Number of protein chains: 2
Amino acid sequence: MGRRGSGTPTLTDVAALAGVSPATASKALNGRDEVAPATRAKVLEAAEKLAFRPNALARSLVSGNTSTIGLLTSDSGGRFSIPVLLGAENALGDNQISVLLADARGDAIRERHYVRTLLAQQVAGLIVVGESSNRRPSIGRDVPVPVVYAYAESTDPQDLSFLPDDRGGAKMALEHLYSLGRRKIAHITGPVDYRATVERVNGLNEFLDDVGLPLAGREVRYGEWSQRWGRHAAEFVLNDDPDVDAIFCGSDQVAAGVTETLAARGVRVPDDIALVGFDNWEIFSTETSPPLTTVDMNLQRLGAIASQHLFAAIGGEQATGIRHLPCRLVIRDSSGGR
Amino acid sequence: MGRRGSGTPTLTDVAALAGVSPATASKALNGRDEVAPATRAKVLEAAEKLAFRPNALARSLVSGNTSTIGLLTSDSGGRFSIPVLLGAENALGDNQISVLLADARGDAIRERHYVRTLLAQQVAGLIVVGESSNRRPSIGRDVPVPVVYAYAESTDPQDLSFLPDDRGGAKMALEHLYSLGRRKIAHITGPVDYRATVERVNGLNEFLDDVGLPLAGREVRYGEWSQRWGRHAAEFVLNDDPDVDAIFCGSDQVAAGVTETLAARGVRVPDDIALVGFDNWEIFSTETSPPLTTVDMNLQRLGAIASQHLFAAIGGEQATGIRHLPCRLVIRDSSGGR
DNA sequence: TTGTATGCGTTATCAC
DNA sequence: GTGATAACGCATACAA
């Protein structure tokens, strides 16, 4: 009889109903070919009838590997981890892989705790997602399963990290503005201690150097990731440099604030000033008036690629280093580019 | 020797190092009292030395119950499931419970698939989170583990569902406005086919009836959950009823749009018009100018309570029906209430 | 107090 | 082609 007489049916139940041994039933259900077609049919029928589902725990215990991976995150809002998770689930496909989620909330102690818990659950691998894409401590080399960092950069070069190519993304935005004839481009962005901020500014500077253009708006405006900052910074830029004909923002949230100030001052977008954001965070980018041209970091794709590499690593193909994945320009009305 | 000679240490390894049998080691580690203090010390020391972590799979296989629960969600953005998840993790505390997350993306087929997968993983219970708080099909009575619905209402009254008390939340908002002397209150909200929309309107109507006040702004303005709609609807309201002195919005996102229109038309908030939102979605509620007074649905608390009930159910204390959990008014500047 | 034996549900090995 | 048997890592009933 099966578990506790009345519970979920077990392989033994199926075998009994089919009139074969558990071993044979196992082979039949797992599609091994050392089993007679007639027998297989009987077993499958019995399994169907009992709505049999193999106990993944028992299976993992004997096989030594789970079909579960751990996702260790720190961004409590799920702003980055959810897209990464969705991308991972996509890549997993019907592989019957499950994701154990643990949110360490940026606390190193809690993070260590969760790593141990996830390992106790015998996860086959770990994906670490950052609360920002900044460099962050490695969870260590003594972890007995493969680890990849997605939207996070491990300080240990022996780890494998996946980051969006913010620098390239910024260049895409600027090329777009440049191609539309804009020559007085200002930049309003977030805190200077974000890798994303710095990389986007690097892309900006490289582009301006390449085409021989000065930065407009007097200087790069560093602030916070908030609409509030966008509103204020737009005032500064307009006051200091009324000729500005384009503003490239370090995030859509900032761009949303900029939009408000421009509207309040009667500046037309994109006619007077073209606007480009970053993130393609749709609750902002599709909701401003006009909707934002913006740079999408392809986080879902990043999650998919990271998990593919994780599986490769689980399969023995270890890799190391930092991979920058391309961004994508999403053109809407705020730049006048279509 | 343990797994594959060199892998993760097992209980047997610990026992060997401590010079006792695996059974004794097990008892010592699990805090059973039929073991001599000296022996326990030896075992603990050995476990420490080997960094031993019990294999949760094996433990579950023998005990028959896992320390894992499944979280089945449909809101791809994580807008509701993440707070619920955090609340659940809080309630779990150090119980070493893990959460297996599956995102069905609103697809019933995928949902069934994930339920089966989660069950195959032997989850001890299931939390179902909706993409909205609307009524949704039950995942069925044939699920062999307890299920609770959080921010979702199962169509089956035998299920246990937890919902925010939107009606009560709306009343809190209105009482607040009323107590501040506002008497011409309009309502701008989302689609009429959302339970949340309807319940908030119900609360509105009940309140207005109670105090004998007519609705201002001509009628309830139903639309979408978007800033865009908020901007337009505010125009309608102001045009139809210029005397309005308060606008209660069905969401912060809508309120953010309303704010923009009010600013554009030179209407002062809260002096001319007081504004109250709903959701306390902080990227909106703390970022508008002025910041929004709004109703918080306490989703994290809802998640905590739902998971507590789930554990009770796992422990045998089944419950059924629908529980409405109170909202909380968060007072900021947009209502002039502080 | 400690150790031996057994079983959880499944798969793999190896006889038959 | 099929079925005993052992093993995965752990916990427990029971014997010592």
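Below, chains carry the letters A, B, ... as their sequence lines are ordered, and counting in each starts from 1. Note that this is a predicted model, so its numbers are computed, not measured.
Near-neighbour residues of DNA chain C inside residues 19-28 of chain A, defined by a heavy atom below 4.0 Å, number-ordered: A23(A), S26(A), K27(A).
With dT11(C), dA11(D), dG9(C) as the choices, the nucleotide that has an atom nearest any side-chain atom of L11(B) turns out to be dA11(D). Of the candidate nucleotides dT10(C), dT1(C), dG1(D), dT10(C) has the atom nearest to the side chain of N55(A).
The distance between atom CD of E34(A) and atom P of dC14(C), rounded to the nearest whole Å, is 13 Å. Rounded to a whole Å, the CZ atom of R59(A) is 18 Å from the C1' atom of dG9(D). One can place CG of L29(A) at 14 Å from P of dG3(D), the figure rounded to the nearest angstrom. Look at CG on D13(A): it is 9 Å from P on dG9(C), rounded to the nearest Å. Summarising the geometry, the separation between CG on L61(B) and P on dA7(D) is reported as 17 Å, rounded to the nearest angstrom.
T39(A) comes within contact range of the sugar-phosphate backbone alone, with a heavy-atom separation under 4.0 Å but no base atom that close. Within the nucleic acid shown, V62(B) comes within 4.0 Å of at least one base atom, counting heavy atoms only. Within the nucleic acid shown, R32(B) comes within 4.0 Å of sugar-phosphate atoms alone, with no base atom in reach, counting heavy atoms only.
In terms of modelled atom types and a separation under 3.5 Å, the side chain of R40(B) and the main chain of R32(B) share a donor-acceptor contact. Here the side chain of S26(B) pairs no donor or acceptor atom with the backbone of P22(B) at under 3.5 angstrom.
The structure places CD1 of I109(B) at 13.5 Å from OH of Y114(B), a figure rounded to the nearest 0.5 Å.
Side-chain contact between I139(B) and Y149(B) is present, with at least one heavy-atom pair separated by less than 4.5 Å.
With 3.5 Å as the limit, one finds no donor-acceptor pair spanning the side chains of S154(B) and D156(B). Side chain to side chain, Y151(A) and S81(A) fail the donor-acceptor criterion of an N or O pair below 3.5 Å.
V148(B) approaches H309(B) most closely through the heavy-atom pair CG1-C, 4.5 Å.
By the neighbour-count criterion of 12 heavy atoms within 6.0 Å, atom CD of E34(B) is densely surrounded, having more than that number from other residues, nucleotides or ligands.
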**Q.** Verdict with supporting geometry, L163(A) and I322(A), side chain to side chain contact (heavy atoms under 4.5 Å, CB included)
**A.** CA-CA 7 Å; L163(A) 293 172; I322(A) 297 163; 3.9 Å; yes

Q: Return one dot-bracket line describing DNA chain D 5' to 3' (Watson-Crick or G-U wobble pairs, both distances under 3.5 Å; ( ) same strand, [ ] crossing, | another strand, . none).
A: ||||||||||||||.|

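Between N30(B) and D33(A), the residue anchored closer to the 5' end of DNA chain D is D33(A), taking for each the nucleotide with the nearest heavy atom. Each of S63(B) and R40(B) has a nearest nucleotide on DNA chain C; the 5'-most of these lies closest to R40(B).
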